[in-house]
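Each residue takes its place number in the sequence, starting with 1. Since this is a predicted model, take the numbers as computed values, not measurements. Ligands are counted one by one from 1 in listed order, and the atoms in each one are counted from 1 as well.
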Amino acid sequence: MRLRRKGDLICTFLLLTALCVLLYVQMYSVSPRLNKHKYQKESGTERNIIVESTEAETQLDFTSSAIQSEHNCQLGQQLQNAQGQVKTPPTSNLLPWNYRQYLWQKDCREFNQIINQKNKCHKPSGEQLLLISIKSRVEEFERREVARKTWAREGRVHNLQVRRLFLLGIPANQSALASWSRLLEHESQIYQDILLWDFQDTFFNLTLKEIHFLKWVDQFCPAAEFVFKGDDDVFVNVENIADFLADADPKDDLFVGHIIYQALPIRSNKSKYFIPEMMYGPGVYPVYAGGGGFLMSGHTAKRLYHASKEVDLFPIDDVFLGMCLLRIGLEPVTHEGFRTFGIVRPSAAPHMQTFDPCFYKELMVVHSLKVPEIWLMWTLLHDPNLKCARKGSMKRPFRWRIKRKSTSASIKKLKH
Ligand SMILES: *[C@@H]1O[C@H](CO)[C@@H](O)[C@H](O)[C@H]1NC(C)=O
Ligand SMILES: *[C@@H]1O[C@H](CO)[C@@H](O)[C@H](O)[C@H]1NC(C)=O
Ligand SMILES: *[C@@H]1O[C@H](CO)[C@@H](O)[C@H](O)[C@H]1NC(C)=O
């Protein structure tokens, strides 16, 4: 009797052990999925690329592999498996190539800095600093040159000390400009205005540029009172910006630009801005500023840096920043002086003189200009013989004001 009970006990024990082993093996083989759920919880963002429906089964598999890459992230190098074979991103017919690549690599978000300007933000005490940061690509040397020689000059503008930086990554096609690294070496030596990071300078990596820049400001330029960030094909009227900032408190939140409300993700895969539904479900984007040019206080830049660490990367950099703004609960302010879509010539007045310098005198940022246009605009505006009617009394052949409550305060400031 006793012997039998002992036998029973041993049997049960063995069975239990076997069960445990089985469970363990089972768990191990589905671990990427477990990881995925853990990851989702930790990241805690509202916008997850993961679709949790049965019809999206293929997507699920694919995204769980994308998340696995978190552990294999090797600074954008090709991923290798244990046998040393190069792994390629999982194939999916649902998305164009760049999205597959993007999702595959989106957890690689820390890259080395190759060229730095550690002393950029040194300034005379008691002065306020406006840091002008310009997204450029190595190939766009002419755009950098014209900005340096015109609107983005360093020095004093009204009561602000202006400093200039270009934000660059590694050219995606290095054979297009074989001498790119020597060019940057000399450019950065001569002008001391180049920041270069070790990621490919592509449209979908602009968000990487954003987060690395915010981190750089936090680390190397915490004293900047104000930060302007824009593209290299803009004309910025820095005098107007300095006027506008004259009575702004850099310790307050400030985020001004051309604000876009209620934008919907573009679902046509022909567009440069195409965002598949699995990446951003139905619903509008958070309020964001057109990336062509916007202005913020140093205080806000710092807060955005901390927020950016908690938000999943999103391939459109200005929408990404909108997500960060949402996270810190800051509503950006729109300003009619920011023309991040350029000046639209009304079809009713095709002869309109868009190069009337008086027209530009009141603007702060004009986007999508050619190099000669930037030069011409700056030169005309700084012509000592330029005479314009009183500010604000100019006749306009078409309406371009956007009526919004939030703008009135800042418009008033500009006009006075
Ligand atoms: C783009 O969309 C069309 C129709 O929606 C589809 O037929 C085509 O395969 C898609 N192209 C890519 C590259 O996904
Ligand atoms: C890279 O640039 C070279 C030289 O301009 C050009 O011939 C080549 O097609 C480019 N490659 C890609 C992938 O764009
Ligand atoms: C972003 O940069 C990384 C590192 O250079 C590169 O591997 C990746 O392909 C780039 N991503 C996109 C979407 O261009």
Side-chain angles (χ1 to χ4, degrees), residues 47-50 59 62-63 65-81 85-116 135-143 166-184 194-216 231-232 265-280 291 308-309 311-321 323:
R47 309 172 199 293
N48 254 300
I49 54 152
I50 295 146
Q59 298 172 18
F62 145 62
T63 47
S65 324
I67 278 145
Q68 255 186 302
S69 77
E70 186 188 17
H71 313 289
N72 299 345
C73 182
Q74 293 170 356
L75 300 183
Q77 300 306 307
Q78 280 174 310
L79 304 165
Q80 297 196 336
N81 65 15
Q85 293 165 315
V86 172
K87 278 202 279 179
T88 51
T91 47
S92 157
N93 296 324
L94 298 161
L95 298 168
W97 156 250
N98 42 22
Y99 280 92
R100 279 189 275 135
Q101 193 188 21
Y102 184 82
L103 291 179
W104 175 248
Q105 293 173 333
K106 88 180 178 67
D107 294 308
C108 291
R109 47 189 291 170
E110 288 199 22
F111 292 86
N112 293 326
Q113 190 167 0
I114 304 172
I115 300 180
N116 197 0
K135 295 179 276 183
S136 188
R137 287 179 305 124
V138 177
E139 305 88 289
E140 302 293 354
F141 176 75
E142 286 103 336
R143 292 189 185 169
F166 293 100
L167 316 177
L168 302 171
I170 306 287
N173 181 358
Q174 300 192 5
S175 52
L177 184 60
S179 57
W180 70 272
S181 58
R182 294 202 63 191
L183 172 68
L184 285 190
I194 300 281
L195 298 186
L196 173 70
W197 288 279
D198 191 13
F199 53 79
Q200 265 181 36
D201 214 339
T202 59
F203 176 73
F204 294 102
N205 271 345
L206 282 177
T207 306
L208 285 180
K209 214 174 250 192
E210 186 78 64
I211 60 176
H212 284 84
F213 173 65
L214 288 172
K215 185 178 176 183
W216 185 90
D231 284 343
D232 60 2
I266 290 173
R267 301 297 189 197
S268 154
N269 61 15
K270 289 194 186 74
S271 166
K272 175 177 165 189
Y273 299 98
F274 168 62
I275 293 293
E277 248 161 75
M278 67 171 285
M279 191 170 232
Y280 193 90
S308 75
K309 291 188 281 188
V311 176
D312 266 359
L313 288 193
F314 191 75
I316 303 178
D317 61 336
D318 32 17
V319 174
F320 173 80
L321 206 60
M323 293 171 177

Practice problem: Report, in ascending order of atom number, the atoms of ligand 3 lying under 4.0 Å from any heavy atom of Phe204. | Solution: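 Listed by number with element: 13 (C).
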Practice problem: Under 4.0 Å from a heavy atom of Thr202: give me the atoms of ligand 3 that qualify, with their elements. | Solution: 12 (C), 14 (O)
Quiz item: So Tyr273 and Phe203, would you call those rings parallel, tilted or perpendicular, with 30° and 60° as cut-offs?
Solution: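 Ring orientation, 0 to 90° scale: perpendicular.
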Self-check item: Donor-acceptor contact present, side-chain Asn205 to main-chain Gln200, <3.5 Å
Solution: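 Yes: the side chain of Asn205 pairs with the backbone of Gln200.
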Practice problem: Without swapping roles, check the side chain of Lys209 against the backbone of Leu167 for a donor-acceptor pair under 3.5 Å. | Solution: yes
Quiz item: Would you say Glu210 and Leu206 make side-chain contact, with heavy atoms under 4.5 Å?
Solution: no
Quiz prompt | N or O contact, Asp198 vs ligand 3, cut-off under 3.5 Å | solution =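 Among all N and O atoms of Asp198, none is under 3.5 Å from an N or O of ligand 3.
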Quiz item: Among the heavy atoms of Phe111, does any lie under 4.0 Å from an atom of ligand 3?
Solution: yes
Practice problem: Compare every heavy atom of Ile275 with every heavy atom of Pro265, then report the nearest pair and how far apart it is. | Solution: CB-CB, 4.3 Å
Quiz item: Which heavy atom of Leu168 sits nearest a heavy atom of Ser136, and at what distance?
Solution: CD2-O, 3.1 Å
Put together the list of close N/O pairs, under 3.5 Å, between ligand 2 and the protein, could you?
{"residue": "ligand 2", "atom": "2 (O)", "partner": "Asn173", "partner atom": "OD1", "Å": "3.4"}
{"residue": "ligand 2", "atom": "2 (O)", "partner": "Asn173", "partner atom": "ND2", "Å": "2.4"}
{"residue": "ligand 2", "atom": "11 (N)", "partner": "Asn173", "partner atom": "ND2", "Å": "2.8"}
{"residue": "ligand 2", "atom": "14 (O)", "partner": "Asn173", "partner atom": "ND2", "Å": "3.3"}

Practice problem: Give the intermediate values and the outcome of side-chain contact (heavy atoms from CB on, under 4.5 Å) for residues Leu195 and Asn116. | Solution: CA-CA 5 Å; Leu195 298 186; Asn116 197 0; 3.7 Å; yes
Practice problem: Examine Phe166 together with Phe141 and report whether their ring centres are nearer than 6.0 Å. | Solution: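 Ring centroids of Phe166 and Phe141 are no less than 6.0 Å from each other.
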